[in-house]
Amino acid sequence: STTRSQLDALCRKLGKIHAIAQLLATKDADRAEIVYDLLTSAATDPLALYYEVDRLIEQNAARARGKRPEYQAIDLSARVAPLLAALQPKEGDPV
């Protein structure tokens, strides 16, 4: 059975996933697909989430107009990093 604190932690994590998707989506239609991909990778393997975010950042940077792609990727990485860090399990968290 799930406790209230576990449910609260899950809701906070889902909020972080949605925030990442908002940063990386180019259109609203893409956001749902990105959320699905991030959730699937997070459930599969913790490193898979980092791989998926990196892939999405590279795609987003490649589509950027007006900025050099590497600067766009650096900017997105800096904005996504705190959200990814918040998704990492803390010591004492239930598995």
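A quick note: this is a predicted structure, and the numbers were derived from the prediction, not measured.
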Cluster link L14 to V53, ILVMFWY, side chain under 4.5 Å: yes
Euclidean distance, R68 CZ relative to I74 CD1, rounded to 0.5 Å: 9.5 Å
Distance in Å, L56 CG paired with L38 CG, rounded so as to fall on 0.5 Å steps: 6.0 Å
Listed once per pair and sorted, the salt bridge (Lys or Arg N to Asp or Glu O under 4.0 Å) pairs that draw on residues 39-50, sequence neighbours left out: none
Partner set under side chain to side chain donor-acceptor pair (under 3.5 Å) for Y36, not counting sequence neighbours: none
Residues forming a side chain to side chain donor-acceptor pair (under 3.5 Å) with E52, sequence neighbours excluded: R55
Residue pairs fulfilling salt bridge (Lys or Arg N to Asp or Glu O under 4.0 Å) with at least one residue in residues 73-86, sequence neighbours excluded: D75-R79
Non-neighbouring partners of S5 that pass side chain to side chain donor-acceptor pair (under 3.5 Å), sequence neighbours left out: T3
Single-linkage hydrophobic cluster, 4.5 Å side-chain cutoff, V35 and L10 together: yes
Heavy-atom closest contact (L83 atom, K16 atom, distance): CD2-CD, 3.7 Å
Check: residues 57-64 side-chain donor-acceptor pairs under 3.5 Å, at least two apart:
| from | atom 1 | to | atom 2 | distance (Å) |
| --- | --- | --- | --- | --- |
| N60 | ND2 | L24 | O | 2.9 |
| R63 | NH1 | T26 | OG1 | 3.3 |

Gap between atom CG of D37 and atom CG of D30 - 0.5 Å precision: 10.5 Å
